[in-house]
Amino acid sequence: MALMLQLIFTLFTLSSNTECSDVFVSVGDSVQLHTQEPLPEFTTFIWKFNKTEKVLEYLKKYNDATAFPRLKDRVAFNNENYSLTLKNLQKTDSGLYEAIVSGQKDTEVAAYNLSVWDPVEAPVLIYQLKKETCNITVSCRTHHLSVNSSCDKKTCEERKVSALGLVCLSLFVSSSSIICNHSNPVSWKMDILEMEKLDCSNEDAVSPSAGVSVCLLKIVLFSTALILMVSAVITVHVNSYCYTVNKSCIM
Ligand SMILES: *[C@@H]1O[C@H](CO)[C@@H](O)[C@H](O)[C@H]1NC(C)=O
Ligand SMILES: *[C@@H]1O[C@H](CO)[C@@H](O)[C@H](O)[C@H]1NC(C)=O
Ligand SMILES: *[C@@H]1O[C@H](CO)[C@@H](O)[C@H](O)[C@H]1NC(C)=O
Ligand SMILES: *[C@@H]1O[C@H](CO)[C@@H](O)[C@H](O)[C@H]1NC(C)=O
Ligand SMILES: *[C@@H]1O[C@H](CO)[C@@H](O)[C@H](O)[C@H]1NC(C)=O
């Protein structure tokens, strides 16, 4: 993840007759947008956002680039190849970025559809066993998506749902592990459940439903540990006190 955040995506336009390329980046990332080559003769070079707003203007005659307020301190322009680097991207920076050169006429020399995404949240896998029938139901969910699947001891029905075709939640079995994978164009996270846990003869038929109860469990464990530590300290103190007393008693 950290690596991904540092990653600078390098992209090239696909054809000289500018096609709009889709670009996906994580919040906080940087991206470098290139132009087609060779460029036609020009006097002014402009990077525009959503058709109307100027991001950067370069006047060839003065070799001077001006960044406009929209991305002011977060843009870098390369005077030699006219690449635009956008830094510390936020979701509101999502939109259409176009490069237009003006000379005899205006020509579009690059177009990118940029979407900035948050990394996905981790999914949560839980299971339920019905001892009598040995029915196993596995559920995987996130805030917005969920899938349910029936399993036996060896496998589960594969399930997949998606939102906008870009965010996916999929459940499948791979080398005796049930895997739930939550993904979007910039990241994925998964939760894993070992098949061997799905044993009908198993006593605890319901997995600790994550969230509150796991949190509660942690609190209980922590408190228990704390109490044990405190009593250990007290015991040590009492012991050494006794020891001293005993010693002094002996002496
Ligand atoms: C343009 O120049 C920048 C900075 O030197 C470099 O990182 C980038 O790769 C160059 N782009 C192209 C298309 O050569
Ligand atoms: C840009 O991409 C978004 C989703 O990533 C899509 O909804 C939108 O229609 C695209 N816009 C253009 C102009 O291609
Ligand atoms: C439970 O098992 C029974 C019998 O094997 C089956 O008919 C039923 O559909 C199962 N229920 C679920 C929720 O999988
Ligand atoms: C999965 O099961 C849970 C609880 O039984 C239910 O709330 C949820 O709507 C189900 N999700 C789907 C996609 O069927
Ligand atoms: C999860 O999904 C993403 C996107 O489809 C994929 O790149 C990744 O390899 C998947 N992870 C696993 C463990 O299958």
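Each ligand, and each atom within it, is numbered from 1 in the order the structure gives. Quick note: residue numbers are just sequence positions, from 1.
For the pair Arg159 and Glu157, the salt-bridge criterion is met [side-chain N within less than 4.0 Å of a carboxylate O].
For ligand 1, the atoms sitting less than 4.0 Å from at least one non-hydrogen atom of Gln32 are 6 (C), 7 (O), 8 (C), 9 (O), numbered in the order shown with element in parentheses. Every atom of ligand 2 is numbered from 1 in the order shown, and the set under 4.0 Å from a heavy atom of Phe24 is 5 (O). Within the listing of ligand 2, atoms 5 (O) sit less than 4.0 angstrom from a heavy atom of Ser115. Atom numbering of ligand 1 starts at 1 in the shown order; those under 4.0 Å from a heavy atom of Ser83 are 1 (C), 11 (N). Listed by atom number, the atoms of ligand 2 under 4.0 Å from Asn113 heavy atoms are 1 (C), 2 (O), 3 (C), 8 (C), 10 (C), 11 (N), 12 (C), 14 (O).
In this structure, Leu125 and Leu171 have side chains that are in contact, with non-hydrogen atoms separated by less than 4.5 Å. You'll find the side chain of Thr66 reaches within 4.5 Å of the side chain of Asp64, heavy atoms only.
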Check: Run the side chain to side chain contact (heavy atoms under 4.5 Å, CB included) check on Met195 and Ile178 step by step: do they pass?
Finding: CA-CA 6 Å; Met195 291 279 340; Ile178 302 171; 3.6 Å; yes
Checklist line | Criterion side chain to side chain donor-acceptor pair (under 3.5 Å) on Thr155 and Asp152, from CA distance to verdict | finding: CA-CA 6 Å; Thr155 189; Asp152 56 28; 5.7 Å; no
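We find the NE2-OG1 distance between His34 and Thr85 to be 7.5 Å, quoted to the nearest 0.5 Å.
Remark: Asn148 pairs with Ser139 by the side-chain hydrogen bond (donor to acceptor under 3.5 Å, both in side chains) rule, at least two apart or across chains. Partners of Tyr82 under the ring-ring contact (aromatic ring centres under 6.0 Å, His included) rule, at least two apart in sequence or in another chain, are Phe42, Phe45, Tyr58. Applying the side-chain hydrogen bond (donor to acceptor under 3.5 Å, both in side chains) criterion to Thr44, with sequence neighbours excluded, gives no partner residue.
Protein neighbours of ligand 4 below 4.0 Å, counting non-hydrogen atoms: Ser146, Asn148.
Counting heavy atoms closer than 4.0 Å to ligand 1, residue Glu80 contributes nothing at all.
An N or O contact shorter than 3.5 Å links Asn78 to ligand 1 by distance.
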